[in-house]
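Okay, so here's the structure we're looking at.
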Amino acid sequence: MDKYQINHLRELEAESIFVIREVAAQFENPVMLFSGGKDSIVMFHLARKAFWPAKVPFPLMHIDTGHNFPETIEYRDNLMEKTGARCIVKYVQDTIDQGKAVEETGINASRNKMQTITLLDAIEQEKFDAAMGGGRRDEEKARAKERFFSHRDEFGQWDPKNQRPELWNLFNAKKNMGEHFRVFPISNWTEMDVWQYIYMEEIELPSLYFTHKREVFQRDGVWMAKAPFMQLKEGEKLEMRDVRCRTIGDVTCTGVTLSTANNIQDIIQEVAATRVTERGGRADDKRSESAMEDRKREGYF
């Protein structure tokens, strides 16, 4: 009999499913954060496999800035209808209307940072004790510091110097009243792993990930999509180009990539050849040298 073999994608899949099941077992009221991006789509796919044929035993939650790509919202709604999953949507606009956040003004204004306030309010209102996210350690240096089970204090804040050891895949979910955990089931995946897994599992994605024509303009070396709430600086001009999104977030801080990749195989080849990091086009990461870590300390994803 041939020796049974398993490839690295199935190993990653098994590890992530184990983490998701641990969350369901150890927490009373978990939630899975969903953005409509490829990482959260893969994470939800893994959750469905973890509990099949039963439904996923926890809700999803999307923090909607109101400045999303329309294709993302359409995909989210269609996916929830097709799978029968429950998705809680919390709006940054409500946070602004309640006076808990002041909208930025100016050319580079973005609602991305305000998601933190909306997220922390939602966790408190819904009494979630664990929030799963699609963060990966290879994305950004602050995310590389995260454990699978990442403790947050009663203010929803993260202390990277005070994390619990995770030896032999033993996860410590003990917490005090008012505290919660962020959990990252696909921490050990790379961008290439995600794309190869999407190809292997034939996972449907938003059309944004594939080459399409869009009006864009260049700012600080990054191509940005045109949107009604985006202002152009002097000298910036709109052009119709063939582009795709490599990562999806708020339109105001998500760069697009000039590309001819219109299928998963082409995207895999493009990712293998590129020398630009996945978040190289994210304007929110460039606001300071420690932008992501600062936001995560405050309670960001």
Side-chain angles (χ1 to χ4, degrees), residues 8-9 11-20 23 30-50 56 58 60-65 68-69 71-73 75-76 79-80 83 85 87 112 115 119 130-150 182-210 244-250 253-257 261 264 267-268 270-271 274 276-282 284-285 292 295-296 300-301:
H8 78 286
L9 293 176
E11 290 179 349
L12 289 169
E13 177 189 68
E15 177 183 62
S16 298
I17 286 175
F18 173 76
V19 172
I20 291 169
V23 171
V31 67
M32 179 169 280
L33 302 177
F34 186 83
S35 67
K38 69 182 187 310
D39 297 323
S40 63
I41 292 168
V42 165
M43 185 172 60
F44 178 50
H45 180 84
L46 291 164
R48 293 181 69 204
K49 293 190 91 170
V56 174
F58 41 75
L60 281 70
M61 182 165 69
H62 182 206
I63 305 300
D64 189 339
T65 65
N68 294 289
F69 288 95
E71 296 93 330
T72 305
I73 304 303
Y75 175 89
R76 178 198 71 192
L79 182 64
M80 295 308 113
T83 61
C87 185
N112 198 57
Q115 291 180 91
L119 173 63
M132 286 172 274
R136 308 187 325 266
R137 293 191 179 112
D138 77 317
E139 283 184 280
E140 203 274 341
K141 56 191 176 184
R143 285 183 166 166
K145 298 179 181 180
E146 291 277 20
R147 303 287 170 89
F148 279 109
F149 278 35
S150 184
R182 303 288 171 82
V183 182
F184 302 96
I186 63 170
S187 284
N188 286 338
W189 298 50
T190 65
E191 181 187 11
M192 180 62 79
D193 293 331
V194 170
W195 282 114
Q196 289 178 336
Y197 186 75
I198 289 169
Y199 177 68
M200 183 175 72
E201 293 286 293
E202 299 180 346
I203 299 172
E204 185 180 347
L205 294 176
S207 59
L208 288 166
Y209 280 113
F210 304 98
R244 73 174 190 88
C245 289
R246 194 171 164 192
T247 176
I248 293 177
D250 189 295
C253 60
T254 301
V256 296
T257 302
I264 302 295
I267 291 173
I268 289 173
E270 188 176 271
V271 170
T274 189
V276 178
T277 63
E278 182 179 6
R279 294 184 67 92
R282 291 296 293 263
D284 48 331
D285 289 354
M292 174 64 83
R295 281 178 287 150
K296 287 181 74 66
Y300 188 69
F301 310 142

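All values reported here derive from a predicted model rather than from experimental measurement. All values below were derived from every heavy atom in this structure, side-chain atoms included, with hydrogens, water molecules and symmetry-related copies excluded.
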Pair L79-H45, side chain to side chain contact (heavy atoms under 4.5 Å, CB included): steps then yes or no: CA-CA 11 Å; L79 182 64; H45 180 84; over 6 Å; no
Side chain S150, main chain V183, donor-acceptor under 3.5 Å: no
Reported CG-to-CZ distance for the pair L33 and R182, which is rounded to 0.5 angstrom: 7.0 Å
Side chain to side chain contact (heavy atoms under 4.5 Å, CB included) evaluation trace for R244 with I267: CA-CA 10 Å; R244 73 174 190 88; I267 291 173; 3.6 Å; yes
Student check: side-chain heavy atoms of V42 and I198 closer than 4.5 Å: yes
Rounded distance [0.5 Å steps], CD in E270 versus CD1 in I264: 11.5 Å
Flag side-chain contact, heavy atom, 4.5 Å: V256 against L208: no
Backbone N/O of N68 and side chain of T72: donor-acceptor pair under 3.5 Å: no
Backbone of G249 reached by a side-chain donor or acceptor of T254 within 3.5 Å: yes
Taking every non-hydrogen atom, the tightest pair across M192 and I268: CE-O, 3.5 Å
Sub-4.5 Å side-chain heavy-atom contact between R136 and S187: no
Non-hydrogen side-chain atoms of M61 and C87 separated by less than 4.5 Å: no
Pairwise distance CE(M80) to CG(L60) - rounded to 0.5 angstrom: 5.0 Å
Min side-chain heavy-atom separation L12-W189 under 4.5 Å: yes
Minimum-distance pair of heavy atoms, taken over all atoms of I186 and G134: CD1-O, 3.6 Å
Shortest non-hydrogen contact from C245 toward F69: SG-CZ, 4.1 Å
Minimum heavy-atom distance between M132 and V23, given as atom pair plus value: CE-CG1, 3.7 Å
Pair D138, T190: side-chain N/O donor-acceptor within cut-off below 3.5 Å: no
Separation of M43 CE from R48 CZ (nearest 0.5 Å): 14.0 Å
Flag side-chain contact, heavy atom, 4.5 Å: F149 against V19: yes
Trace of the ring-ring contact (aromatic ring centres under 6.0 Å, His included) decision for Y209 with W195: CA-CA 11 Å; Y209 280 113; W195 282 114; 5.5 Å; yes
Smallest separation among heavy atoms of I248 and G36, with atom names: CD1-O, 4.3 Å
Q196 side-chain N/O to D193 backbone N/O, donor-acceptor pair under 3.5 Å: no
Residues K49, E13: salt bridge by 4.0 Å N-O rule: yes
Side chain to side chain, V56 and F58, heavy atoms closer than 4.5 Å: yes
Flag side-chain contact, heavy atom, 4.5 Å: I203 against Y197: yes
Over all atoms of both residues, closest heavy-atom pair of F44 and A85: CZ-CB, 3.6 Å
Atom pair CD1 (I20) and CD (E15), whose distance is rounded to the nearest 0.5 Å: 11.0 Å
Greater than 12 external heavy atoms within 6.0 Å of Y199's OH: no
Polar side-chain atom of S40 near backbone of S35 as donor-acceptor pair, under 3.5 Å: yes
